[in-house]
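Everything quoted here is computed from the prediction, not taken from an experiment. Numbers restart at 1 for each chain; the letters A, B, ... are given by sequence-line order, proteins then strands.
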There are 2 protein chains.
Amino acid sequence: MGRPQKTHRASKDRSLNTRQALREAALELMDRDNSFDGLSLREITREVGVVPTTFYRHFSDMESLGLELVAESFRTLRELLKVARQTAVPGEKMIRRSVETFVTYVRAHRRHFQFLARERFGGVAAIREEIRTEVRLLQSELATDLGRFPVLKTWSTEDLNMVSGLMINAMIGIVEQVLASRRRGQDDDELIMIAEKQLRLIILGVPQWRSQGD
Amino acid sequence: MGRPQKTHRASKDRSLNTRQALREAALELMDRDNSFDGLSLREITREVGVVPTTFYRHFSDMESLGLELVAESFRTLRELLKVARQTAVPGEKMIRRSVETFVTYVRAHRRHFQFLARERFGGVAAIREEIRTEVRLLQSELATDLGRFPVLKTWSTEDLNMVSGLMINAMIGIVEQVLASRRRGQDDDELIMIAEKQLRLIILGVPQWRSQGD
DNA sequence: CATAAAAGTCAACACTTGTACACAAAAAGC
DNA sequence: GCTTTTTGTGTACAAGTGTTGACTTTTATG
């Protein structure tokens, strides 16, 4: 239980990584209603309790801060997926459990997911691009995973990507709704139920599928 | 070829509705990479070629401008849906045609769709809320339409909403991709094909469905 | 045509913004 | 322990911001 060493000024204890503090401040401010390019450099440093010029010691630019937030947020998301892949055992309640885990996780890391959701179409081109790339990557990873299921073994890569895209879009929809309703609890239950149904419906279509490419 | 009547100052000819010009300027600026709350009042009036104070003659607030843009954008979208409902005849190529029309339409009104996509999760709470409400409305309308199809006649409202939600999320995904790639043409063809497949897959699941409520 | 209302202009305000530069403290390297 | 880097501070400036109030022009209305 290492107590943080004394400080002669509040919040100086984590001065080790002001960089981290800047990132967190940005997320925090976005949580209080702002899109990323609505933020100002000074606003952020003010939140951290540091002088504006300090910002430049860590980031050349607001954009570079933003890109780091993208990376950070996807790291969060990937941690979830890693665990999910290890624990997920195909079976009756697999979908249900996955969705539950997902919703809980989104709640636990709301600021990261909010950032991604908000900047996916947001006002900064570089950030948008980066997110897009990562999502596409995610989609093809999911496609690979799906390809391991017996029913999907014979499917073309294209079609697998098509399904995973559909699923990811459904999940993004879920994220939206989680973010929109701040209370957890009953809202979540209904939400989870719907998401589960949606995924189940998609899966029901799979055995019927026959790709009739153009 | 009616040439616009003479003006003693550029763009004075449409001074009849500066209000419209302000709205358009906002959309235009957002098209050059900005999210709505990254815009400034002065920026907008400058774009129109009018003095900042003029803004207040038309809008009390930036927020009220934003809300009007939401309304305008949804009007655009609803026009499409209206036509779609009238012309759509169930059949072999119905899905394909609908998707084609949709993509073309999104291209033709990119700034409106961009606005909606960007501000759906964007930084202004009031705007977000308004969009959310409208999307939900759209979803339940689509649910009603779906309910008219024979296969879906027996479905509960809840389940119909679930399906329409899935479809709408898929289409939102399409919008993203259309916005991301500025060139039309071949990109669109592939995009249309994928969207078509996704919708078809959803529909294939439908006859297999049996709702097993919690 | 006169008059009232609506739409646009001008000048000014008190703030906030990004960034530059010179300096002080802290950490790291030797 | 001294020196060098790194990190944070203070001051300053030019430019942009939202909003005000008092004016002028345009448009509509009687």
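Listed nucleotides D:dT7, D:dT17, C:dA7 differ in distance to A:T18; the shortest reach to its side chain belongs to D:dT7. Distances were taken from every side-chain heavy atom of A:V50 (C-beta onward) to each of C:dG18, D:dT9, C:dT9; the shortest belongs to D:dT9.
In this pair, B:H109 and B:H112 present their aromatic rings parallel. The plane angle is below 30°, not in the 30 to 60° band.
Once rounded to the nearest 0.5 Å, the distance linking NE2 of B:H58 with CZ of B:R23 reads 10.5 Å.
Rounded to an integer number of Å, the gap from CG of A:L41 to P of D:dG8 is 14 Å. To the nearest angstrom, P of D:dT27 lies 12 Å from CG of B:N17. Distance B:D61 CG to D:dG18 P: 11 Å, rounded to the nearest Å. When the P atom of C:dT16 is taken as reference, atom CD1 of A:I44 falls 17 Å away, rounded to whole Å. One interatomic measurement links the two molecules: CZ of B:R46 to P of D:dT17, which rounds to 5 Å at whole-angstrom precision. Whole-Å rounding puts the B:N34 CG to D:dG16 C1' distance at 14 Å. The interatomic distance linking B:E43 (CD) with D:dT19 (P) rounds to 15 Å, in whole Å. Here the P atom of nucleotide C:dC13 and the CZ atom of B:R42 are 14 Å apart, to the nearest Å.
Ranked by how close their nearest DNA chain C nucleotide is to the 5' end, A:R57 and A:P52 are led by A:P52.
Taking a 6.0 Å sphere around CZ of A:R97, one finds it holds 12 or fewer heavy atoms contributed by other residues, nucleotides or ligands.
Contact check, B:H58 against C:dA6: no side-chain N or O comes under 4.0 Å of OP1 or OP2.
Of the options A:V175, A:D187, A:I174, a side chain to side chain contact (heavy atoms under 4.5 Å, CB included) to A:V103 is made by A:I174 and by none of the others.
At a threshold of 4.0 angstrom between heavy atoms, the contacts of B:T54 include nucleobase atoms, whether or not backbone atoms are also involved. B:F55 comes within 4.0 angstrom of nothing in the nucleic acid, heavy atoms only. Nucleic acid contact class of B:V51 (heavy atoms, under 4.0 Å, all strands): base.
The base of C:dC21 lies outside donor-acceptor range of the side chain of A:T53, with no N or O pair under 3.5 Å.
Looking at B:L69 and B:F36, their side chains come closer than 4.5 Å, going by heavy atoms from C-beta outward.
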